[in-house]
K.L.:
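One structure is given below, represented as structure tokens, and several questions about it will come after.
These values consider heavy atoms only, across backbone and side chains, with no hydrogens, waters or symmetry-generated copies. For the single chain, residues carry numbers from 1 onward in sequence order.
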Amino acid sequence: MKLLTIKDANNVIETLPFVPDIFYFDEKSAGAKYLASFFRKFGTRIFFEPSSINSKSDLSYVEVSDIIKFSEEDIPNANFANLFRNKLFIQTLGEKGLKFKLGDGDWVLVPPVANENCIDAEGAGDWTSAT
């Protein structure tokens with residue numbers, strides 16, 4: 001998979017007929033961060049869904065974002081959220097539900113809702129993001 005470059009991002013900006021209300025990204029690339037920073041200047045909500053946070057460089061993607069959603073399976077340690085005061089963090093916990101933290105607040109646990117008709121939980125995180 002080819003990561004988005006800044007040149008690619010500029011091509012998107014030049015051809016886009018409007019500024020989006022929400023910009024979602026889940027890759028750590030120069031182009032994705034460039035688009036997030038660009039759109040944020042116009043009031044776009046930036047939604048970042050990382051699969052890892054391993055370095056100081058990774059935190060720069062969090063910095064340009066408003067909403068950061070990740071799974072406990074991929075990122076078990078959510079302590080990096082304490083470095084930021086103006087973000088919504090959502091950590092999905094699988095069968096334990098999810099927890100979220102807004103701004104300076106504490107983490108709030110949201111237990112799962114039982115669904116006797118559930119056949120397969122695949123994609124539950126994607127539905128959480130969509131909601």
K.L.:
Consider only side-chain heavy atoms of I, L, V, M, F, W and Y, link residues closer than 4.5 Å, and tell whether Y24 and I75 are in one cluster.
P.N.:
no
K.L.:
Run the side chain to side chain contact (heavy atoms under 4.5 Å, CB included) test on F38 and I13 for me, step by step, so that the C-alpha distance in whole Å, both residues' side-chain angles and the decisive distance to 0.1 Å come before the verdict.
P.N.:
CA-CA 9 Å; F38 177 84; I13 291 167; 3.6 Å; yes
K.L.:
Is the side chain of K101 donor-acceptor paired with the backbone N or O of G105 at a distance under 3.5 Å, no angle test?
P.N.:
yes
K.L.:
Do N11 side-chain atoms and D8 backbone N/O form a donor-acceptor pair below 3.5 Å?
P.N.:
no
K.L.:
Please work out whether the ring planes of F89 and F80 are parallel, tilted or perpendicular, with thresholds of 30° and 60°.
P.N.:
perpendicular
K.L.:
With sequence neighbours left out, which residue pairs that include part of residues 16-31 fulfil the salt bridge (Lys or Arg N to Asp or Glu O under 4.0 Å) condition?
P.N.:
K28-D58
K.L.:
Checking L83 against V62 for the side chain to side chain contact (heavy atoms under 4.5 Å, CB included) test, could you report, in this order, the C-alpha distance in whole Å, the side-chain angles of both residues, the deciding distance, and whether it holds?
P.N.:
CA-CA 10 Å; L83 301 172; V62 175; over 6 Å; no
K.L.:
Hey, is CG on N86 packed in by over 12 heavy atoms from elsewhere, all under 6.0 Å?
P.N.:
yes
K.L.:
Any pair with a residue in residues 86-97 that passes salt bridge (Lys or Arg N to Asp or Glu O under 4.0 Å), sequence neighbours left out, goes on the list, sorted by first then second residue, please.
P.N.:
E72-K96
K.L.:
At their closest point, which heavy atom of P50 faces which heavy atom of I68, and how far apart are they?
P.N.:
CD-CG2, 3.9 Å
K.L.:
Do F70 and I90 sit in the same hydrophobic cluster, where Ile, Leu, Val, Met, Phe, Trp and Tyr count as joined when their side-chain heavy atoms come under 4.5 Å apart?
P.N.:
no
K.L.:
Can you name the nearest heavy-atom pair linking P20 to T44, along with the distance?
P.N.:
O-OG1, 2.6 Å
K.L.:
Quick one, I67 and I22 - any side-chain contact, counting heavy atoms below 4.5 Å?
P.N.:
no
K.L.:
Heavy atoms only: give me the nearest F100-V110 pair and the separation to one decimal.
P.N.:
CE2-CG2, 3.8 Å
K.L.:
Return yes if some donor-acceptor pair links the side-chain N/O of S60 with the main-chain N/O of S57 below 3.5 Å, else return no.
P.N.:
yes
K.L.:
Output the distance between atom CG (N77) and atom CD1 (I53), rounded to the nearest 0.5 Å.
P.N.:
11.0 Å
K.L.:
Sub-3.5 Å donor-acceptor pair from the side chain of D74 to the main-chain atoms of S52, do we have one?
P.N.:
no
K.L.:
Checking V64 against F48 for the side chain to side chain contact (heavy atoms under 4.5 Å, CB included) test, could you report, in this order, the C-alpha distance in whole Å, the side-chain angles of both residues, the deciding distance, and whether it holds?
P.N.:
CA-CA 9 Å; V64 300; F48 178 41; over 6 Å; no
K.L.:
Quick check: do L88 and D66 have side-chain heavy atoms less than 4.5 Å from each other?
P.N.:
no
K.L.:
Taking the side chain as C-beta and beyond, is there a heavy-atom pair between T5 and Y34 under 4.5 Å?
P.N.:
no
K.L.:
Looking only at heavy atoms, what is the nearest atom pair of K99 and W107, with distance?
P.N.:
CG-CE3, 3.4 Å
K.L.:
Report, as yes or no, whether the 6.0 Å neighbourhood of atom CZ on R45 holds more than 12 heavy atoms from other residues, nucleotides or ligands.
P.N.:
no
K.L.:
Measuring from atom CG of L4 to atom NZ of K33, what distance do you get when rounded to the nearest 0.5 angstrom?
P.N.:
13.0 Å
K.L.:
Which of parallel (below 30°), tilted (30 to 60°) and perpendicular (above 60°) describes F23 and F39?
P.N.:
tilted
K.L.:
Same hydrophobic cluster for V108 and L102, using side-chain heavy-atom links shorter than 4.5 Å among ILVMFWY?
P.N.:
yes
K.L.:
Could you check if a side-chain atom of L93 sits within less than 4.5 angstrom of a side-chain atom of L109, using non-hydrogen atoms only?
P.N.:
yes
K.L.:
May I ask whether Y61 and F47 are part of the same hydrophobic cluster, defined by side-chain heavy atoms of I, L, V, M, F, W, Y residues being less than 4.5 angstrom apart, directly or through others?
P.N.:
no
K.L.:
Return the minimal non-hydrogen interatomic distance between G31 and A9, and the atom names on each side.
P.N.:
O-CB, 3.6 Å
K.L.:
As an exercise, state the distance from OG of S29 to CD1 of I6, rounded to the nearest 0.5 Å.
P.N.:
9.0 Å
